[in-house]
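The structure appears below as structure tokens.
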Amino acid sequence: MPGRLLRGLWQRWRRYKYRFVPWIALNLSHNPRTLRYVPEESKDKVISDEEVLGTLLKVFQALFVNDFNKQSDILTLLPEPVKSKYQDLLSVQHPGVKQLEYRHQQQNTFTPEEILYKTLGFSVTRAPSTLISAGKGVFVNKGLVPKGAVVSMYPGTVYQKYEPIFFQSIGNPFIFRCLDGVLIDGNDKGISKVVYRSCNGRDQLGPLKTSDSTWLTSEIHNPLAVGQYVNNCSNDRAANVCYQEFDVPAVFPIELKQYLPNIAYSYDKQSPLRCVILVALRDIKQGEELFSNYYTIVS
């Protein structure tokens with residue numbers, strides 16, 4: 001009986017240890033499965049940072065305009081050049097409707113998934129994975145994802161390599177390790193959820209939110225923030241997306257930060273906010289599930 005119990009515990013440990021950050025830290029030198037690996041002759045960037053930034057701004061701006069009737073408190077704090085930018089956008093999309101009257105006359109708004117489809121030509125959603133015992137996965141539920149497109153983001157709290165994450169790592173399969181040792185905890189439950197909400201409230205500047213916490217709920221405002229549910233490819237499923245790191249530039253519009261699904265664990269103005277996006281390695285058709293792996297290898 002004791003032998004069977006020990007064997008059972010050993011088997012559970014063998015499956016779990018790859019998600020236990022202290023064990024990962026002690027075994028990085030001889031266990032490449034625990035980190036992303038990019039050969040020296042390869043490039044880590046599938047697409048440029050400028051392309052990533054352009055896509056995020058395009059989607060976030062469309063979400064902001066779609067939700068314009070709820071942004072009045074934020075607009076009062078923005079400088080006139082920024083306000084006029086949205087006036088111009090509204091005059092193009094809704095001719096004959098003045099900006100001040102827009103929030104009263106707007107009757108129908110689109111869902112975030114519909115905005116993503118109208119903006120990028122596709123939308124993604126969470127659903128039961130086609131892999132056995134894999135839980136949830138991410139699927140293209142409408143449109144076509146072209147090769148090189150930003151298809152999702154990996155949400156969560158961002159930890160520098162020297163910051164504590166021991167308790168958050170216990171039983172947590174959603175911790176992503178970046179090339180430089182930065183960790184992103186994409187778990188939407190338990191301690192991880194509490195930590196993210198706490199940091200989200202800490203960094204809010206009046207009505208200005210500097211990050212999005214809706215990915216912790218069933219009503220996501222940023223439809224790209226589902227990357228933590230993208231499953232790793234299996235022996236019979238090739239990867240169709242890969243991870244790419246992206247540091248949010250200081251010039252990122254403050255009114256659009258409310259859609260960023262990442263937040264720093266420590267309040268550090270000197271370090272840029274790390275985000276991880278997933279990029280399509282090929283055209284991905286409607287109905288296909290997204291699959292990634294630990295490696296980003298681009299020739």
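Everything numeric here is computed off the predicted structure, so don't read it as measured data.
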>> Minimum heavy-atom separation for Cys275 and Val248, please, with both atom names.
In response: SG-CG2, 3.6 Å
>> Between the side chains of Glu80 and Lys83, is the shortest nitrogen-to-carboxylate-oxygen separation below 4.0 Å, so that they form an ion pair?
In response: yes
>> As a quick check of understanding, evaluate side chain to side chain contact (heavy atoms under 4.5 Å, CB included) for Trp215 and Val226, giving each step before the final call.
In response: CA-CA 8 Å; Trp215 65 272; Val226 293; over 6 Å; no
> Heavy-atom distance under 4.5 Å between the side chains of Leu116 and Leu224, does that happen here?
Replying inline: yes
>> Do Leu144 and Val138 sit in one hydrophobic cluster, given that two such residues count as connected whenever their side-chain heavy atoms are within less than 4.5 Å of each other, even indirectly?
In response: no
> Would the number of heavy atoms belonging to other residues, nucleotides or ligands and lying under 6.0 Å from NZ of Lys209 be above 12?
Replying inline: no
> Do the side chain of Gln204 and the main chain of Gly206 share a donor and acceptor less than 3.5 angstrom apart?
Replying inline: yes
> What's the spacing between Tyr196 OH and Leu216 CG if we round to 0.5 Å?
Replying inline: 7.0 Å
> Excluding sequence neighbours, so at least two apart, what forms salt bridge (Lys or Arg N to Asp or Glu O under 4.0 Å) with Arg126?
Replying inline: none
>> Tell me whether Asp185 contacts the main-chain N or O of Ser192 through its side chain, where contact means a donor paired with an acceptor under 3.5 Å.
In response: no
> Mind checking whether Ile191 and Phe166 sit in one hydrophobic cluster, side chains of I, L, V, M, F, W, Y counted as touching below 4.5 Å?
Replying inline: yes
>> Checking Asp180 against Arg274 for the salt bridge (Lys or Arg N to Asp or Glu O under 4.0 Å) test, could you report, in this order, the C-alpha distance in whole Å, the side-chain angles of both residues, the deciding distance, and whether it holds?
In response: CA-CA 11 Å; Asp180 57 0; Arg274 174 66 52 80; 2.9 Å; yes
>> Check whether Phe110 forms a cation-pi arrangement with Lys118 (NZ or CZ under 6.0 Å from the six-membered ring centre, at most 45° off the ring normal).
In response: yes
> Is a side-chain N or O of Thr214 found less than 3.5 angstrom from the main chain of His221, in a donor-acceptor match?
Replying inline: yes
>> With a 4.5 Å cut-off on side-chain heavy atoms, are Pro155 and Gln228 touching?
In response: yes
> Would you say Leu75 and Phe68 make side-chain contact, with heavy atoms under 4.5 Å?
Replying inline: yes
>> Can you confirm whether Thr157 sits close enough to Ile184 that some side-chain heavy atom of one is under 4.5 Å from a side-chain heavy atom of the other?
In response: no
>> Is there a side-chain contact between Asp67 and Leu63 in this structure, where contact means two heavy atoms from C-beta onward sitting under 4.5 Å apart?
In response: no
> So, for Gly227 and Leu278, which heavy atoms are closest and what is the spacing to 0.1 Å?
Replying inline: CA-CD1, 4.0 Å
>> With side chain to side chain contact (heavy atoms under 4.5 Å, CB included) as the criterion, how do Gln244 and Val150 come out once you've worked through the C-alpha distance, each side chain's angles and the decisive distance to 0.1 Å?
In response: CA-CA 10 Å; Gln244 180 169 316; Val150 176; over 6 Å; no
>> Classify the ring geometry of Tyr243 against Tyr154: parallel below 30°, tilted from 30° to 60°, perpendicular beyond 60°.
In response: perpendicular
>> Quick check for you: to the nearest 0.5 Å, what is the distance between Leu183 atom CG and Gln160 atom CD?
In response: 9.0 Å
> Given the rule that I, L, V, M, F, W and Y join up when any side-chain heavy atoms are under 4.5 Å apart, are Phe174 and Val124 in one cluster?
Replying inline: yes
>> My understanding is that only residues two or more places apart in sequence, or in another chain, count here; which of them pass salt bridge (Lys or Arg N to Asp or Glu O under 4.0 Å) with Glu163?
In response: none
> If two hydrophobic side chains count as joined below 4.5 Å and joins carry through other members, does Leu77 share a cluster with Leu205?
Replying inline: yes
> Out of curiosity, Gln71 CD to Thr76 OG1, how far, rounded to the nearest 0.5 Å?
Replying inline: 11.0 Å
> Would you call Asn66 and Ile115 a side-chain contact if the rule is heavy atoms closer than 4.5 Å?
Replying inline: yes
> Hey, mind stepping through Val241 and Leu281 against side chain to side chain contact (heavy atoms under 4.5 Å, CB included) and telling me if it holds?
Replying inline: CA-CA 5 Å; Val241 297; Leu281 293 173; 5.6 Å; no
>> On a heavy-atom basis, which atom in Glu289 and which in Ser129 lie closest, and how many Å separate them?
In response: OE2-OG, 2.7 Å
>> Is there a path of hydrophobic side-chain contacts, each under 4.5 Å between heavy atoms, that joins Val59 and Leu273?
In response: yes
>> If you define the side chain from C-beta out and look only at heavy atoms, does anything of Val52 sit under 4.5 Å from Ile47?
In response: yes
> Backbone N or O of Leu179 within a donor-acceptor pair of the Glu245 side chain at under 3.5 Å?
Replying inline: yes
>> Looking at every non-hydrogen atom in both residues, tell me the closest pair between Asn232 and Leu131 and how far apart they are.
In response: O-CD1, 3.8 Å
>> Quick one: does any side-chain atom of Asp283 pair with a main-chain N or O of Pro146 as donor and acceptor, under 3.5 Å?
In response: no
>> Can a donor-acceptor pair be found, under 3.5 Å and without considering hydrogens, that links the side chain of Ser198 to the backbone of Val194?
In response: no
> Which residue pairs pass the side-chain hydrogen bond (donor to acceptor under 3.5 Å, both in side chains) test when at least one of the two sits in residues 134-146, sequence neighbours left out?
Replying inline: Ser123-Asn141
> Do Asp203 and Ile263 have side chains that get closer than 4.5 Å, going by heavy atoms?
Replying inline: yes
> Do Glu114 side-chain atoms and Thr111 backbone N/O form a donor-acceptor pair below 3.5 Å?
Replying inline: yes
> If every non-hydrogen atom of Asp212 is compared with every non-hydrogen atom of Gln258, which pair is closest and at what distance?
Replying inline: CB-O, 3.0 Å
>> Before you tell me yes or no, could you show the steps for Gln286 and Phe122 under side chain to side chain contact (heavy atoms under 4.5 Å, CB included), namely the whole-Å CA-CA distance, both residues' side-chain angles and the distance that decides it to 0.1 Å?
In response: CA-CA 8 Å; Gln286 180 173 320; Phe122 65 85; over 6 Å; no
> To the nearest 0.5 Å, what is the distance between CG (Leu53) and CZ (Phe246)?
Replying inline: 4.5 Å
>> Nearest 0.5 Å, please: how far is CG in Asn262 from CD1 in Ile277?
In response: 11.5 Å
>> Testing the basics here: between Asn172 and Ile175, what is the closest heavy-atom pair and its distance to 0.1 Å?
In response: ND2-CG1, 3.6 Å
>> Using 0.5 Å steps for rounding, measure from the OG atom of Ser292 to the CZ atom of Phe176.
In response: 8.5 Å
>> Assess whether a salt bridge exists between Glu50 and Lys45, defined as any Lys/Arg side-chain N lying under 4.0 Å from an Asp/Glu carboxylate O.
In response: no
